[in-house]
Each structure stands twice: as C-alpha cells, then as structure tokens.
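Data first, discussion second: the structure below is written as structure tokens.
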Amino acid sequence: MKNVLGTELKACSYDPMTGVFRDGFCKYAEQDRGLHIVAAKVTEGFLEWNKARGNDLVTPKPQWSFPGLKPGDWWCVCMGVWLKSKEAGHPLYLKLESCHEKMLDYVSMDTLKEWEYKD
C-alpha cells in the first residue's frame with residue numbers, strides 16, 4: 001500500500017496498536033466505512049470533543065483490546081472525523097508517511113502538508 005507521498009505506507013503506531021485491522025497501519029479497506037486512513041497525533045481537546053460527540057477514545061475497552069488513548073498518541077482517525085475536528089477547532093497533525101493515499105481523494109496535498117507533524 002502507498003501513502004500520500006507515493007511511497008510505501010509506514011506504520012502509524014504499535015503502542016497503542018491502531019488501524020482498522022489493529023496491525024499498526026492506517027490501511028484502506030472497502031469494508032471500512034469509517035475510512036481509518038488518517039495517521040494523526042491526538043490532543044486532549046480532540047479527545048474531549050470526540051467523547052462529547054459520542055465516541056469515547058479515552059476509556060479503555062478491554063473486550064476490544066483497546067487501551068484508551070491519551071494526548072500525544074498516534075492513531076488512525078476516520079477521514080470524516082479528521083475533517084470535522086479541524087472545523088470544530090481541534091485540528092490534528094499528521095504523519096504523512098503513515099496516511100493512506102486514499103486521503104488524496106478528499107484533501108489536497110497542499111492541505112495535508114499544512115498539517116504535517118514536525119518534531
């Protein structure tokens with residue numbers, strides 16, 4: 001699989017284990033209606049905003065092998081959630097080498113580069 005840069009897709013995170021297949025990668029799959037293709041660094045504001053919307057990513061859910069997220073974790077976020085979080089004032093920075101190329105169907109490369117995470 002390729003990333004938005006046109007090179008081999010890199011892992012987003014193994015700790016916590018992320019991805020629709022829980023393999024560390026933000027892979028595109030037709031059966032993934034949420035499009036978990038965005039490799040993003042979550043923030044406290046984003047986690048609170050998302051929880052208020054009904055998607056609690058903070059509370060561990062052992063039945064799903066989900067440890068819960070904390071600010072600073074890298075996570076494969078849904079494409080639509082990433083776009084809405086920007087509009088809501090909780091933008092997330094991206095690891096472009098880990099963002100699936102399918103993102104380019106929704107957002108320009110110029111926009112993606114604006115949100116590229118830099119150490």
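Every heavy atom of this structure was used, including side-chain atoms; hydrogens, water molecules and symmetry mates were not.
In this structure the side chain of Thr111 reaches within 4.5 angstrom of the side chain of Lys86, judged on heavy atoms. Contact check for Val81 versus Val38: no side-chain heavy atoms found under the 4.5 Å cut-off.
The cluster map of Ile, Leu, Val, Met, Phe, Trp and Tyr, joined by side-chain heavy atoms under 4.5 Å apart, puts Phe21 and Met1 in different clusters. Linking ILVMFWY residues whenever their side-chain heavy atoms come closer than 4.5 Å, directly or via other members, places Met79 and Leu5 in the same cluster. Hydrophobic cluster membership differs between Leu69 and Val20, with clusters built from Ile, Leu, Val, Met, Phe, Trp and Tyr side chains linked at under 4.5 angstrom. Under a hydrophobic-cluster definition in which Ile, Leu, Val, Met, Phe, Trp and Tyr are linked whenever side-chain heavy atoms come within less than 4.5 Å, directly or via other members, Met17 and Leu57 are assigned to different clusters. Linking ILVMFWY side-chain heavy atoms closer than 4.5 Å, directly or via other members, places Leu9 and Tyr106 in two distinct hydrophobic clusters.
Counted within 6.0 Å of OH on Tyr93, heavy atoms from surrounding residues, nucleotides or ligands total 12 or fewer; the atom is thus considered open. Within 6.0 Å of NZ in Lys61 there are more than 12 heavy atoms belonging to other residues, nucleotides or ligands. Taking a 6.0 Å sphere around CD of Glu44, one finds it holds 12 or fewer heavy atoms contributed by other residues, nucleotides or ligands. Annotation: Glu30, atom CD; neighbour count of heavy atoms from other residues, nucleotides and ligands within 6.0 Å does not exceed 12.
No side-chain donor-acceptor contact under 3.5 Å links Lys27 to the backbone of His36. Using a distance-only test at 3.5 Å, with no hydrogens or angles considered, no donor-acceptor pair links the side chain of Ser98 to the main chain of Ala39. Side-chain atoms of Asp110 never come within 3.5 Å of backbone atoms of Glu114 as a donor-acceptor pair (strictly under, hydrogens ignored). In this structure, the side chain of Asp73 engages the main chain of Lys70 through a donor-acceptor pair within 3.5 Å. Judged by distance alone, with hydrogens and angles left aside, the side-chain atoms of Thr18 form no donor-acceptor pair with the main-chain N or O of Gly24 at under 3.5 Å. In this structure, the side chain of Trp82 engages the main chain of Leu92 through a donor-acceptor pair within 3.5 Å.
The sulfur atoms (SG) of Cys12 and Cys26 lie 2.5 Å or more from each other.
With hydrogens and angles left out, the side-chain atoms of Lys41 and Tyr117 include a donor and acceptor closer than 3.5 Å.
For the atom pair CG of Leu96 and CD of Glu101, the computed distance is 13.5 Å after rounding to the nearest 0.5 Å. Distance CG/Leu112 to CG/Leu104: 6.0 Å, rounded to 0.5 Å. Note that the NE2 atom of His90 and the NZ atom of Lys84 stand 14.5 Å from one another [nearest 0.5 Å]. Interatomic distance, Cys99 SG to Lys10 NZ, rounded to the nearest 0.5 Å: 14.0 Å. Note that SG of Cys76 is 8.0 Å distant from CG of Asp23, once rounded to the nearest 0.5 Å.
Aromatic ring centres of Trp75 and Tyr14 lie farther apart than the 6.0 Å criterion allows.
A salt bridge is defined here as a Lys NZ or Arg NE, NH1 or NH2 lying under 4.0 Å from an Asp or Glu carboxylate O, and Glu97 with Lys95 fails to meet this definition.
When every heavy atom of His100 is checked against every heavy atom of Val4, the shortest pair comes out as O-CG1, 3.4 Å. Of all heavy-atom pairs between Phe46 and Val77, the closest is CZ-CG1, 4.3 Å. Among all heavy-atom pairs drawn from Ser13 and Trp74, the shortest one is CB-O, 3.5 Å.
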Residues Glu116, Leu94; criterion side chain to side chain contact (heavy atoms under 4.5 Å, CB included); working and verdict: CA-CA 5 Å; Glu116 182 176 12; Leu94 308 172; 5.7 Å; no
